[in-house]
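Heads up, the thing below is written out as C-alpha cells.
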Amino acid sequence: MPTRSGTAPGPAPSRPLDVLGVPGEINLDYAASAPCARAAADAVAELLPWYASVHRGAGALSRRCTLAYERARQTVGDFFGARADDHLIFTRNTTDALNLLARAVPAGTTVVTFAGEHHANLLPWPRGSVRLPVPTDPAGAVRALAAALTELRRDSNAALPVLVAVTGASNVTGERWPVAELARVAHRHGARIVLDAAQLAPHTPVDLLALDVDYLAVSGHKLYAPFGAGVLVGRADWLDAAPPYLAGGGATSHVGPATHDVTWATGPARHEGGTPNLLGAVALAAVCAALAGADRAALAASEQALLTRLRNGIAALRHVVELRTFGPDTPRVGIVSFVVAGRDSAEVAARLAADHRIGVRDGLFCAHPLARRLLTEAAGRTGRRDLPPTALRASIGLGSTSAQVDRLLAALATLG
C-alpha cells in the first residue's frame with residue numbers, strides 16, 4: 001500500500017536482537033544452539049575486512065583487531081558483572097571453560113556437584129569429587145549442600161580447597177536453581193562456587209557480584225553468538241597459579257634456550273595460547289552489548305508467556321508427559337522436555353521435522369543421569385508403562401512466536 005508521499009514503504013529496519021533463520025523452518029532447539037542475533041552477524045561482517053592477527057602485530061589491521069578483541073573482553077566482563085580483579089578468559093564454550101577450571105583447581109581440591117548437572121559440569125572434575133543426589137525442590141538443594149559441606153569440613157583437612165559446581169538453569173527442564181542461596185552456603189563453609197550459566201544467561205541477567213559466585217562459565221552459541229566462543233570469568237589466584245591450559249605462543253612471557261626455561265604469562269593470556277577466536281569474542285560482545293541495552297524484563301515476560309502457552313498445551317495432551325525435577329510451579333527458563341507415550345522420541349523428532357518443518361531435540365540431552373531419573377519419575381507419576389527411554393525437548397527464546405508454539409502443539413496432537 002503506498003505511503004502518503006506516493007512511494008511504497010521499504011522493508012522494516014532490522015534490530016540488533018532480531019535473529020536469523022530460514023523462512024518456513026521452525027527452530028525450537030535454542031537450548032542446544034541458539035540462532036544468530038543480527039548484532040553478532042553485523043559485528044562479524046564489519047570486522048572481517050580488517051581480520052588479522054591479534055596481539056603484537058604492528059600493522060593497522062592487527063592493531064584494530066587487537067583493540068576489538070580486548071574491548072570484547074571488557075564488554076563481556078561488564079555484562080556479567082566481573083569484579084575488577086577477576087580474569088575473563090575466552091574459551092570455546094562452557095564445556096571448555098569448565099575443563100579449564102578443572103585443570104586450574106589446586107591439588108587436593110574437592111569438587112561438590114549435583115547429579116542433575118549437564119555432562120560439562122559432571123565429567124571434568126578430579127577424582128574424589130562429591131556428587132549429591134538430585135533434590136526434590138530448590139530448598140532441598142540448599143539443605144543438601146549445607147549438610148554435605150558440614151560433613152566434608154568435619155571429615156577432611158579444613159585447609160584443603162572445596163569448589164561447588166552448579167547450574168543456573170537445567171538444560172533438561174529449564175528449572176532454575178537457587179544460585180545465590182547455594183553461594184551463601186558455600187562461602188559460609190569456606191568453599192568457592194562456579195556457576196554453569198549456559199542456559200541461564202540467554203534468558204535473564206546474570207551478575208557475578210549480585211549472585212556472589214566465584215567463577216562463571218558461559219557459551220556464546222547459547223547466547224545468540226554462534227561463532228565458537230565462550231568464557232570463564234572469575235577469581236585470578238587459582239588461574240594464575242595453574243599451568244597454562246594450552247602451552248604455546250601467547251601464553252609465555254619468556255622462553256629460553258633450555259627445554260624447561262619458560263616463564264608463563266599471568267592474566268588471561270596464560271590460558272589463551274595460540275591465535276584467539278577474534279570473531280567469536282567480538283560476536284559475543286556484540287550480543288552482550290545489545291542485551292545490556294534492551295528491556296530484559298519485557299523480553300523475559302514475553303518468553304514466560306510463550307513458555308506458559310507451551311506447557312499448558314502439553315498438559316492438555318493426554319498422551320504427552322512433561323518431565324520435571326521440582327514442582328510444576330518452580331521458576332524456569334524457556335525449556336520444556338517431554339515424552340509422547342507409546343512413541344519413540346527419535347521417530348517423533350524426525351516426523352516433526354519431515355512433516356511439519358519443526359526442529360526439536362531428542363535424546364538424553366548430555367545429562368544422562370538426570371534425564372533417565374526424570375523418565376523413571378514421569379512413569380511413576382503418571383502410572384504409564386509405555387513411555388520411551390529417551391525424551392524430546394522444545395526450547396524457545398528471542399524470535400520465538402505463539403504461532404510456532406501452536407504449530408508444535410498441533411503437530412503433537414496428531415500423534416495421539
Side-chain angles (χ1 to χ4, degrees), residues 28-33 94-95 98-99 111-125 127 129-138 140-141 144-145 148 164-178 182 196 198-200 219 222 310-311 314-315 317-328 330 332-352 359-395 412 415:
L28 297 177
D29 194 18
Y30 281 45
S33 287
T94 302
T95 301
L98 291 171
N99 272 271
V111 180
V112 181
T113 63
F114 288 89
E117 297 292 328
H118 186 281
H119 292 169
N121 206 17
L122 282 180
L123 305 183
W125 305 117
R127 290 182 179 274
S129 299
V130 176
R131 186 181 299 181
L132 302 179
V134 178
T136 57
D137 55 47
L145 181 62
V164 176
V166 68
T167 189
S170 169
N171 78 303
V172 178
T173 66
E175 293 162 318
R176 294 183 59 169
W177 281 61
L182 293 170
D196 172 357
Q199 300 296 344
L200 186 63
S219 292
K222 312 286 190 190
L310 175 57
R311 295 185 67 217
I314 284 175
L317 299 173
R318 297 184 61 185
H319 61 295
V320 181
V321 180
E322 182 184 358
L323 305 185
R324 62 175 190 255
T325 305
F326 305 142
T330 300
R332 63 195 68 216
V333 300
I335 298 171
V336 180
S337 289
F338 56 93
V339 286
V340 178
R343 297 292 188 113
D344 177 76
S345 294
E347 181 258 332
V348 171
R351 284 276 304 275
L352 290 173
V360 298
R361 199 75 163 180
D362 69 274
L364 298 174
F365 317 124
C366 293
H368 293 183
L370 175 63
R372 290 194 183 104
R373 177 187 183 279
L374 298 186
L375 287 163
T376 300
E377 188 277 336
R381 170 164 41 96
T382 62
R384 303 198 67 137
R385 298 188 176 184
D386 57 351
L387 301 187
T390 60
L392 296 149
R393 183 182 68 192
S395 46
L412 292 174
L415 300 174

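For T167, there are no side chain to side chain donor-acceptor pair (under 3.5 Å) partners two or more places apart in sequence or in a different chain. Residues that satisfy the side-chain contact (heavy atoms from CB on, under 4.5 Å) test with T330, not counting sequence neighbours, are P138, E175, F326, R332. For R372, the side chain to side chain donor-acceptor pair (under 3.5 Å) criterion is met by no residue, not counting sequence neighbours.
Taking NE2 from H118 and CG from D196, the interatomic distance works out to 7.5 Å, rounded to the nearest 0.5 Å. In this structure, the separation between CD on E347 and OG1 on T390 is 11.0 Å, given to the nearest 0.5 Å. Residue T94 holds its OG1 atom at 9.5 Å from CG of N121, rounded to the nearest 0.5 Å. Remark: F338 CZ to T173 OG1 distance equals 14.0 Å, nearest 0.5 Å. Residue E117 holds its CD atom at 11.0 Å from CG of L123, rounded to the nearest 0.5 Å. Atom NZ of residue K222 and atom CD of residue Q199 lie 5.0 Å apart, to the nearest 0.5 angstrom.
The minimum heavy-atom distance linking F114 with A141 is given by the pair CZ-O, 3.5 Å. Pairing each heavy atom of P389 with each of L364, the nearest pair is O-CD2, 3.8 Å. Taking both residues in full, the closest heavy atoms of L375 and V339 are given as CD2-CG1, 3.5 Å, listed atom of the first, atom of the second, then distance. Summarising the geometry of L98 relative to A120, their closest heavy-atom pair is CD1-O, 3.4 Å, with the distance given to 0.1 Å. Counting all heavy atoms, side chain and backbone alike, A378 lies closest to V321 at CB-CG1, 4.0 Å. Scanning both residues, V333 and A169, for their nearest heavy atoms gives CG2-CB, 4.0 Å.
The backbone N or O of A198 sits nowhere less than 3.5 Å from a side-chain atom of S219 that would complete a donor-acceptor pair. A donor-acceptor distance shorter than 3.5 angstrom exists from the side chain of N171 to the backbone of F365, with no hydrogens or angles considered. For H319 (side chain) and L412 (main-chain N/O), a donor-acceptor pair under 3.5 Å exists by modelled atom type. Proximity of a side-chain donor or acceptor of S345 to a complementary backbone N or O of D362 within less than 3.5 Å is not detected. A donor-acceptor pair is defined here as one N or O able to donate and one able to accept, closer than 3.5 Å; such a pair exists between the side chain of R311 and the backbone of P328.
Put simply, the side chain of S170 reaches to within 4.5 Å of the side chain of L370, judged on heavy atoms. Within the 4.5 Å cutoff, the side chain of L28 has no heavy atoms near those of the L352 side chain. With contacts defined as side-chain heavy-atom distances shorter than 4.5 Å, the pair L122/P369 qualifies. At a threshold of 4.5 Å between non-hydrogen side-chain atoms, the residues L415 and V348 count as touching.
Atom CZ of R361 is surrounded by 12 or fewer heavy atoms from other residues, nucleotides or ligands within 6.0 Å.
Ion pairing between a basic and an acidic side chain is recognised when a charged N comes within 4.0 Å of a carboxylate O; R381 and E377 show such pairing.
The only option from I335, V360, L323 that meets the side-chain contact (heavy atoms from CB on, under 4.5 Å) definition with R393 turns out to be I335.
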